Protein chains: 2
Amino acid sequence: MLQPAALSGLHATLISLLGAERVSSAQSVRAHHGHDESAHPDALPDLVVFPQTTAEVQAIVRACLDHRVPMVPFGAGSSVEGHTLAIHGGVCVDLSRMNRIVAIHPEDMTATVEAGVTRLRLNEELRHTGLFFPIDPGADATLGGMASTRASGTNAVRYGTMRENVLALTAVLPNGEILHAGTRARKSSAGYDLVRLLVGAEGTLGIITEVTVRLYGQPETVASAVVGFETVAGAVDTVIQAIQCGLPVARAEMLDALTLRAVNRYSHTDYPEVPTLFLEFHGSESGVKEQAETMQMLAQANGAGPFAWSTLPEARSRLWQARHTAYFAGLQLVPGCRCMATDVCVPISRLSECIEATYADLRAEGVEAPLFGHVGDGNFHLMLLVRPGSEADLARAKAINHRLVERALAMEGTCTGEHGIGIGKQRYLAREAGEAGIGAMQAIKQALDPLNLMNPGKVFALPVEES
Amino acid sequence: MLQPAALSGLHATLISLLGAERVSSAQSVRAHHGHDESAHPDALPDLVVFPQTTAEVQAIVRACLDHRVPMVPFGAGSSVEGHTLAIHGGVCVDLSRMNRIVAIHPEDMTATVEAGVTRLRLNEELRHTGLFFPIDPGADATLGGMASTRASGTNAVRYGTMRENVLALTAVLPNGEILHAGTRARKSSAGYDLVRLLVGAEGTLGIITEVTVRLYGQPETVASAVVGFETVAGAVDTVIQAIQCGLPVARAEMLDALTLRAVNRYSHTDYPEVPTLFLEFHGSESGVKEQAETMQMLAQANGAGPFAWSTLPEARSRLWQARHTAYFAGLQLVPGCRCMATDVCVPISRLSECIEATYADLRAEGVEAPLFGHVGDGNFHLMLLVRPGSEADLARAKAINHRLVERALAMEGTCTGEHGIGIGKQRYLAREAGEAGIGAMQAIKQALDPLNLMNPGKVFALPVEES
């Protein structure tokens with residue numbers, strides 16, 4: 001798509017800016033950056049650059065603008081909707097070397113980090129402060145990537161998502177200007193909320209280079225619990241009732257029987273293969289005990305088996321290790337398969353009904369698919385497994401996902417709770433946001449990026465004014 | 001400014017849409033809508049309309065577009081930065097008759113209401129559900145107005161601001177389209193965050209006609225407390241330390257000695273006239289007791305006097321009644337005066353220092369001004385009293401506010417924690433957001449409202465393409 005002349009001119013400019021060792025056109029580097037965790041086909045960038053400062057990102061953006069070449073920001077490559085695939089070619093801006101901790105302010109409970117810092121790294125740095133950063137999407141994603149996709153994960157039920165936890169950010173806008181949006185103050189009414197506009201914009205409105213996030217006190221006591229149920233509805237209703245009565249559960253994950261079977265095989269665990277809740281409670285010793293006991297009572301009223309809870313760190317890490325491998329475990333159910341992950345989120349009162357209708361659809365299709373999710377938020381994932389090269393599997397997965405999204409929207413929910421739109425959910429965004437919403441989003445995109453060079457083809461497809 | 005022909009044509013159109021009794025050009029009605037709680041001079045709209053549905057608002061917007069006449073949304077008129085003043089004339093869209101409770105979903109802890117519903121009315125409607133809506137800016141503002149200015153107030157330290165608590169909204173965009181943004185799901189990664197873009201846009205990007213907000217369980221027990229200190233720093237540091245150690249205080253207001261003097265005179269109370277904290281705790285009976293005792297311990301370590309706490313509803317309502325009258329009480333210190341209210345918010349670690357430097361500035365100027373605020377958020381207000389007709393007072397107030405804002409920005413804070421930009425803080429928004437930020441905001445405004453007819457002259461001054 002790109003004209004070779006534009007690219008070779010740009011290549012030379014980028015080398016003059018960054019030095020040859022931080023500009024790559026090597027096939028292996030391009031291939032690594034043109035692949036993600038999604039079922040979307042690979043799409044390689046023409047070049048990959050490795051900036052180390054916001055000023056370098058600015059210089060890269062200006063060079064790409066001059067040459068009218070698309071740019072795709074890249075963090076850890078862990079997104080699952082094709083956000084980092086270079087579907088219009090161009091330059092992949094890999095931010096992983098922007099990994100400095102800029103400032104930790106324990107007294108204000110904030111941390112400012114470069115976009116390439118990962119969540120595990122940040123938490124390591126925080127360990128001695130008594131604080132932690134809660135958002136945990138499973139993968140060891142970068143903070144910049146998590147902000148760009150408005151990520152959340154297992155802790156969101158208590159601590160919110162990136163939407164609530166990014167206080168400020170630095171980004172290079174599509175016009176090459178450096179934006180500092182937000183402040184370290186806990187609240188502000190100063191003008192349009194550019195922080196929350198960039199958070200979740202999937203790199204289409206600018207490249208985030210730095211974020212300031214909220215931190216939380218490490219809880220005095222952490223308890224984890226596992227409890228199996230006769231039915232998925234029993235597990236889900238237990239969590240919903242806990243939320244409704246104000247129990248501040250920190251994590252509430254539901255894994256269905258098939259997911260447990262996959263996890264047991266993959267991780268050599270022996271969880272009973274029934275619908276199961278993985279839970280975590282944060283608080284004082286007595287507070288955690290009270291929470292666990294209340295949850296146990298609710299679980300028993302909803303047909304639970306034995307309720308095992310513990311404050312031992314090993315029990316806790318074994319549990320979340322198993323939970324975080326659920327995706328990879330699920331993939332092993334069908335050798336060589338790829339996965340189409342669904343991601344609807346509905347008002348919590350509709351969650352049981354939404355899941356039940358989804359199972360009915362799966363049964364009607366004769367499809368088995370692991371189902372698990374962040375039930376306290378009303379968000380769950382179905383792993384629709386697609387056998388290698390099977391067009392029939394792919395078509396069936398798309399049809400199931402389509403019906404699932406329609407079901408969620410009819411229940412006043414959203415087509416994506418935390419994965420984002422990327423390439424895969426654009427038609428559903430159009431359904432969900434409506435003409436006025438899509439029109440407003442596109443007007444904003446065109447105002448800030450008239451050439452459509454910032455991660456083009458993501459969120460929505462607009463013409464690209466490339467060279 | 002407006003051509004009489006445009007106005008009379010529009011007037012006739014509006015009467016045909018709404019009937020004569022809901023379109024007013026009466027001087028008294030225009031005067032009521034051209035005045036607010038700020039020190040800014042009155043600015044009357046040419047017409048005032050009273051729509052009852054979103055469809056009517058849409059018809060009004062289309063008519064104003066056709067005639068190129070500015071529109072100013074109006075809720076309770078309680079804003080303090082001139083948001084509702086019709087500085088370019090035009091049509092004031094009074095939403096107070098859009099006051100239906102659309103839906104309350106106790107099981108999802110959400111409520112959907114029309115924009116003209118006030119916060120007290122919503123809480124009355126919620127009483128039987130065991131839930132409540134916490135955001136409390138003092139005035140009985142409308143939910144639409146609170147969303148538009150990103151309001152917060154005394155409960156924000158625990159429950160967040162309108163930014164965190166609006167899940168979805170309906171608005172008529174400047175092009176006359178009806179936008180439904182957000183869903184009732186607790187989280188979403190679906191495209192640009194139009195909800196948070198409209199929240200805090202001060203009516204410049206559309207007229208909000210409906211909002212869906214989060215609700216919270218009414219706490220089992222509520223305790224209120226009053227405690228006086230030798231110094232403002234002692235009071236502030238007590239709250240900051242409580243926040244830092246994770247104490248979930250629900251309200252933490254500091255009133256300085258002068259504010260207490262004004263309150264005592266106005267409300268016939270007898271609070272000791274020293275820097276004082278008004279506190280509230282929410283939780284279980286034992287939880288509230290634990291919180292109050294921890295706070296008492298911190299207070300005593302910071303030089304507090306007696307710590308009086310109570311779970312009696314009367315004690316609580318007396319306290320917040322006194323707090324909410326602080327503004328009006330302050331105004332009585334100088335008969336006939338107007339008030340320039342400051343509104344900076346800084347990272348909590350800098351709050352004591354910011355307040356101390358502000359007092360030093362006041363002393364140097366020989367000015368007395370009540371100071372109070374939401375210290376748990378780092379947000380405080382200085383009431384700069386301006387004697388009637390005194391240019392010198394006004395100039396001095398502006399200079400003090402200017403230095404205060406510069407001080408807050410230097411401390412990584414914001415020029416407005418909760419009042420908004422309106423007319424009064426535009427130069428500070430430019431300082432705070434920087435050229436790139438203001439440029440991006442204006443590009444968005446121009447993209448969505450190219451004629452600049454939606455509340456023109458608020459947030460920033462752009463040319464108005466009126467008839």
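Chain identifiers are assigned alphabetically (A, B, ...) following the order of the sequence lines, protein sequences preceding nucleic acid strands; residue numbering begins at 1 within each chain. Computed from heavy atoms alone, side chains included, the values below leave out hydrogens, waters and symmetry copies. Since we're looking at a predicted model, the values are computed, not measured.
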- Message: For a quick test of reading the model, state the closest non-hydrogen atom pair linking A/Asp377 to A/Val157 and the distance between them.
- Response: OD1-CA, 3.3 Å
- One option among A/Ala408, A/Gly376, A/Gly206 has the most heavy-atom pairs under 4.5 Å with chain B, and it is A/Gly376
- Task: Give the member of A/Arg163, A/Glu177, A/Gln241, A/Glu164 that has the highest number of heavy-atom pairs under 4.5 Å with chain B.
- Result: A/Arg163
- Query: Any salt bridge between A/Glu418 and A/Arg150, counting N to O under 4.0 Å?
  - Reply: no
- Query: Thinking salt bridges, do B/Lys289 and B/Glu285 make one under a 4.0 Å N-O criterion?
  - Reply: no
- Contact class of B/Ser188 relative to chain A, heavy atoms under 4.5 angstrom: both
- Message: Between A/Asn379 and chain B, with a heavy-atom cut-off of 4.5 Å, which part of the residue counts as in contact: side chain, backbone, both or neither?
- Response: side chain
- Item | Minimum heavy-atom distance between B/Ser152 and B/Gly417, given as atom pair plus value | OG-O, 4.3 Å
- B/His374, B/Lys187, B/Arg196: which one forms the most heavy-atom pairs within less than 4.5 Å of chain A? B/Lys187
- Message: Is B/Asp193 in contact with chain A via its backbone, its side chain, both, or neither, using a 4.5 Å heavy-atom distance?
- Response: both
- Taking B/Asn175 as the fixed residue, which of B/Val172, B/Leu179, B/Leu173 is the one that meets the side-chain contact (heavy atoms from CB on, under 4.5 Å) rule? B/Leu173
- Message: Can you tell me which portion of B/Ile438 sits under 4.5 Å from chain A's heavy atoms? Options are side chain, backbone, both or neither.
- Response: neither
- Apply the test side chain to side chain donor-acceptor pair (under 3.5 Å) to residues B/Glu432 and B/Thr414: give CA-CA distance (whole Å), side-chain angles for both, the deciding distance (0.1 Å), then the verdict. CA-CA 7 Å; B/Glu432 180 172 332; B/Thr414 176; 2.8 Å; yes
- Task: Identify which part of A/Tyr428 has an atom lying under 4.5 Å from any heavy atom of chain B, answering side chain, backbone, both or neither.
- Result: neither
- Message: Counting only non-hydrogen atoms closer than 4.5 Å, does A/Ala181 touch chain B with its backbone (N, CA, C, O), its side chain (CB onward), both, or neither?
- Response: neither
- Query: Can you say whether B/Val459 sits under 4.5 Å from chain A via the side chain, the backbone, both, or neither, judging by heavy atoms?
  - Reply: side chain
- Does a side chain donor of either B/Thr212 or B/Thr112 reach within less than 3.5 Å of an acceptor in the other side chain? yes
- Item | Portion of B/Cys415 that has a non-hydrogen atom of chain A nearer than 4.5 angstrom | side chain
- Item | Region of B/Leu448 in contact with chain A, defined by heavy-atom distances below 4.5 Å | side chain
- Note on the structure: Whatever's closer than 4.5 Å to a heavy atom in chain A on B/Met109 counts as side chain
- Message: Looking only at heavy atoms and a cut-off of under 4.5 Å, which of B/His180, B/His419, B/Arg186 has the most pairs with chain A?
- Response: B/Arg186
- Message: Assess the residue pair A/Thr204 and A/Asn455 against the criterion (side chain to side chain donor-acceptor pair (under 3.5 Å)); give the C-alpha distance rounded to whole Å, side-chain angles, the decisive distance to 0.1 Å, and a yes or no.
- Response: CA-CA 5 Å; A/Thr204 63; A/Asn455 210 5; over 6 Å; no
- Message: Which one wins on heavy-atom pair count under 4.5 Å against chain A: B/Glu290, B/Lys458, B/Lys445?
- Response: B/Lys445
- Task: Output the option from B/Gly413, B/Gly217, B/Gly200 having the highest count of non-hydrogen pairs under 4.5 Å with chain A.
- Result: B/Gly413
- Measure distances from B/Tyr216 to the heavy atoms of chain A and classify the residue's part below 4.5 Å as side chain, backbone, both or neither. neither
- Task: Determine the minimum heavy-atom distance between B/Leu169 and B/Leu198, stating which atoms define it.
- Result: CD2-CB, 3.9 Å
- Message: Tell me whether B/Lys425 is salt-bridged to B/Glu81, with the criterion being a basic N under 4.0 Å from an acidic carboxylate O.
- Response: yes
- So which of B/Pro347, B/Gly434, B/Ala168 has the largest heavy-atom pair count under 4.5 angstrom toward chain A? B/Pro347
- Task: Could you tell me which portion of B/Ile348 (side chain, backbone, both or neither) has an atom closer than 4.5 angstrom to a non-hydrogen atom of chain A?
- Result: both
- Structural part of B/Leu194 lying under 4.5 Å from a heavy atom of chain A: side chain
- Query: So A/Tyr159 and A/His282, would you call those rings parallel, tilted or perpendicular, with 30° and 60° as cut-offs?
  - Reply: tilted
- Contacting moiety of B/Glu202, where chain A heavy atoms sit under 4.5 Å: side chain
- Message: Can you tell whether the side chains of B/Arg350 and B/Glu412 come within less than 4.0 Å, N to carboxylate O?
- Response: no
- Among B/Ala201, B/Gly246, B/Gly378, B/Gly182, which has the most heavy-atom pairs under 4.5 Å with chain A? B/Ala201
- Task: Determine whether the side chains of A/Ser352 and A/Asp237 contain a donor N or O and an acceptor N or O closer than 3.5 Å.
- Result: yes
